[in-house]
There are 2 protein chains.
Amino acid sequence: MTSPTIYDVARAAGVATSTVSRAFSNPQRVSAPTRELVLRVAKELGYEANPHARALTSRRTDTLAMVVSDIKNPHFYEIIRGAELRAKASARTLVLVNAEESPRIEREQISRLSRSVDGFLLTASRLPDEDLLEFAATQAVVMVNRQVHGIPSVVLDQREGCRQLVTHLASLGHTSVAYLSGPQKSWMAGARWAAIRDAAAEIGVSAVRMGPFTPRVEHGAAAADAALTTGATALIAHNDLLAIGVLLRLADRSIRVPRDISVTGFDDIFASALCTPSLTTLGGTHANLGRAAVELLLDAADPTGRAGTASLQLVQPSQLVLRDSTGPAPVGRSAG
Amino acid sequence: MTSPTIYDVARAAGVATSTVSRAFSNPQRVSAPTRELVLRVAKELGYEANPHARALTSRRTDTLAMVVSDIKNPHFYEIIRGAELRAKASARTLVLVNAEESPRIEREQISRLSRSVDGFLLTASRLPDEDLLEFAATQAVVMVNRQVHGIPSVVLDQREGCRQLVTHLASLGHTSVAYLSGPQKSWMAGARWAAIRDAAAEIGVSAVRMGPFTPRVEHGAAAADAALTTGATALIAHNDLLAIGVLLRLADRSIRVPRDISVTGFDDIFASALCTPSLTTLGGTHANLGRAAVELLLDAADPTGRAGTASLQLVQPSQLVLRDSTGPAPVGRSAG
DNA sequence: AACACGATGGCAACTGCTTGCCGCCCTCCG
DNA sequence: CGGAGGGCGGCAAGCAGTTGCCATCGTGTT
């Protein structure tokens with residue numbers, strides 16, 4: 001009934017428990033013949049180490065926590081998938097945690113788990129820099145799609161991506177774009193707006209920011225209505241969900257996309273290719289983000305020789321996906 | 001640096017460690033004044049129990065594992081979300097595990113985690129009944145969207161749902177439907193086919209089954225092509241992903257939906273409302289599935305008084321969502 | 001007044017594994 | 001041939017809780 005322990009293995013193999021322990025967790029510390037003997041006996045007995053007993057002394061749990069700001073957002077799925085795959089490849093367990101867009105919940109969850117995991121992947125964290133730095137001081141943390149000086153992170157490039165996006169719109173003749181901003185506490189929203197503003201200035205188109213909006217489909221109506229008051233002919237929504245919501249609202253109001261107005265999003269979620277019109281969006285290989293983040297985390301959590309990569313800020317290229325929601329600017333009239 | 005233990009609390013409060021332990025895990029075993037003292041001191045010291053030490057002796061981990069057959073499928077995310085929410089409400093941690101449609105991986109993951117969690121949520125498991133029964137004998141297991149006699153489960157009703165679906169098609173004049181089956185090892189695929197076959201027989205339309213197909217968008221082409229050879233005027237794809245793939249292929253082949261042929265899916269994923277034509281599908285409140293499953297699991301995993309609900313098979317209503325991919329059967333000619 | 005019993009707190013063994021330290025033995029070197 | 005040093009196995013003390021059992025005390029019972 002109860003599963004075998006190292007004691008059972010030790011007895012059966014005629015060695016000390018320390019030898020059994022080392023055969024598993026520190027193989028080169030045991031001579032080859034002994035090690036093989038132990039492993040063979042262990043296998044016969046069906047021995048599997050008790051992870052809790054192991055964690056108790058070694059303080060390693062082989063578990064990683066991934067906190068996402070809103071588990072409803074399909075954009076995270078790819079990241080989760082990449083992270084899950086990479087974690088499994090290193091025999092780590094991934095705990096998924098939802099912060100529900102709330103800094104308080106995020107904080108609670110982190111402290112609840114801090115004892116049970118080797119490190120945290122914080123995805124699009126809504127927490128202020130100070131809190132993050134404080135957490136990062138006591139445990140391994142890697143940020144995804146958020147940069148904080150002094151904490152390793154993986155982000156999809158926004159500057160260059162937004163430049164391309166604005167350039168694309170400008171090349172279609174748009175001279176005025178509106179950014180429909182994401183949540184106030186979203187670092188990404190700030191980064192996007194800054195990049196859009198700068199690119200717009202450089203290229204010579206005007207840019208305004210509206211919002212903040214909660215980036216979900218159902219808030220697209222408000223965003224669309226707000227955007228129309230600006231007279232902009234191109235709308236850059238904070239993400240695809242919001243953009244889809246905008247598309248739906250515009251259709252409702254019989255405003256044609258892209259003839260009357262162009263719309264773009266961010267993330268390139270699955271539905272963006274399928275909606276009507278299909279959505280031009282700034283995407284990227286999100287699974288890679290998750291994968292890279294886990295890699296960073298694994299060696300941030302590795303007690304040996306962490307120095308090298310301690311505070312790496314990885315930037316992965318984003319990628320403009322042109323579809324049907326962007327087109328030439330209407331001539332001689334505003335969209336409003 | 002190192003966080004306080006019950007020893008620190010015990011010393012500070014002037015009681016024995018056992019008293020501290022009980023104040024937390026067995027409150028009524030300690031007199032109210034003592035308990036309050038202990039809790040107050042613990043709070044002052046910032047004490048938090050070490051979950052591994054606790055798990056080592058008590059064998060409770062407050063962690064639940066959720067195994068999904070394919071983490072890529074958006075359909076699971078609603079279930080995950082519901083499960084995650086419910087788990088958090090009971091202060092349980094949810095571990096997410098991907099089985100990648102492989103029984104072997106599923107088995108591996110389960111045994112890897114069996115020591116670290118209080119129970120398993122197996123979603124659309126690809127394992128044979130015997131394996132499941134064996135697992136269920138030694139640990140708490142709840143199945144989602146799969147039924148095995150003797151194991152508690154939560155499923156979305158297929159019989160009635162498929163009946164409605166076939167009835168809907170028949171009422172549009174379709175006399176011949178094709179089911180594009182899911183994976184061979186998918187219990188759901190079997191359940192759906194059985195329900196469709198029976199409903200078709202009862203209603204008086206003919207039904208054939210094609211496949212199995214891996215239920216992803218990219219396999220939709222093969223499924224569509226196969227289906228067209230049958231001459232059926234209505235296609236029931238195993239899930240929305242496959243259905244969307246079918247729609248794309250049919251568009252490629254200039255076959256109009258629903259004029260030439262009707263297409264339906266299962267699951268009602270987010271994209272199904274947005275694709276063109278939007279997809280008629282058999283959905284349901286999947287978040288509820290996840291929630292209910294966790295509830296079942298919590299009391300299957302509860303060592304006290306489990307008898308009552310030991311092997312409950314919950315069936316939740318599914319719900320036919322009519323959209324644009326189904327329409328009147330073409331008259332006077334077959335689709336092929 | 002003697003006794004029983006329930007409530008409460010403490011003792012200490014126990015969970016299963018890790019790891020610092022010790023000692024043995026064999027090899028290599030001077 | 002003696003000594004040094006490295007490789008390897010074992011001892012035992014943790015790690016941070018849980019829990020069975022016992023002792024104590026106060027109260028209710030006869």
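Naming: A, B, ... by sequence-line order, numbering from 1 per chain.
Going from atom CD of Gln28(B) over to atom P of dT19(D) covers 12 Å, rounded to whole Å. Here the C1' atom of nucleotide dA16(D) and the OH atom of Tyr47(B) are 7 Å apart, to the nearest Å. Rounding to whole angstrom units, CZ of residue Arg60(B) and P of dG17(D) are separated by 15 Å. Separating the NE2 atom of His52(A) from the C1' atom of dT18(D) is a distance of 14 Å, rounded to the nearest angstrom. For the pair Leu56(A) CG and dA16(D) P, the interatomic distance rounds to 7 Å; values are reported in whole Å. Rounded to whole Å, atom P of dA12(C) lies 15 Å from atom CD1 of Ile6(B). Asn50(B) has its CG atom 18 Å from the P atom of dT15(C), to the nearest Å. A straight line from CG of Asp8(B) to C1' of dG17(D) spans 13 Å, rounded to a whole angstrom.
Within the 3.5 Å criterion, the main-chain N or O of Arg126(A) finds a donor-acceptor partner in the side chain of Glu106(A). Without hydrogens or angle criteria, Ser90(B) side chain to Arg92(B) main chain gives no donor-acceptor distance under 3.5 Å.
The residue among Arg29(B) and Thr57(B) whose nearest nucleotide of DNA chain C is located toward the 5' end is Arg29(B). When the nearest nucleotides of DNA chain C are assigned to Ala53(B) and Ala32(B) by heavy-atom distance, the more 5′-ward of the two goes with Ala32(B). Mapping Ala49(B) and Arg22(B) onto DNA chain D by nearest heavy atom places Ala49(B) closer to the 5' end of the strand.
Between Arg54(A) and dT18(C) there is a side-chain polar atom (N or O) within less than 4.0 angstrom of OP1 or OP2. Taking 4.0 angstrom as the limit, Ser18(B) places none of its side-chain polar atoms (N or O) nearer than this to OP1 or OP2 of dA12(C). Side-chain N/O atoms of Thr19(A) include one lying less than 4.0 angstrom from OP1 or OP2 on dG10(D). Applying the 4.0 Å criterion to OP1 and OP2 of dT18(C), one finds that Ser21(A) has a side-chain N or O inside that range. The side chain of Tyr7(B) places no N or O atom within less than 4.0 Å of a non-bridging phosphate oxygen (OP1 or OP2) of dG14(D).
In summary, Glu295(A) and Arg291(A) engage in a salt bridge, as defined by a charged side-chain N under 4.0 Å from a carboxylate O. In summary, Glu108(B) and Arg104(B) engage in a salt bridge, as defined by a charged side-chain N under 4.0 Å from a carboxylate O. One finds no salt bridge joining Glu84(A) and Lys88(A) here, because no Lys/Arg side-chain nitrogen approaches an Asp/Glu carboxylate oxygen to under 4.0 Å.
Nucleic acid contact class of Val15(A) (heavy atoms, under 4.0 Å, all strands): sugar-phosphate only. Arg59(B) comes within contact range of the sugar-phosphate backbone alone, with a heavy-atom separation under 4.0 Å but no base atom that close. Phe24(A) comes within contact range of no nucleotide atom at all, as no heavy-atom separation falls under 4.0 Å. Looking at heavy-atom distances under 4.0 Å, Val20(A) makes no contact with the nucleic acid at all. Residue Ala55(B) is out of contact with every strand shown, counting any heavy-atom pair closer than 4.0 Å.
Between His286(A) and His75(A), the ring-plane angle classifies as perpendicular under the 30° and 60° cut-offs.
Listed nucleotides: dG9(D), dG9(C), dT18(C). Nearest to the side chain of Val30(B): dG9(C).
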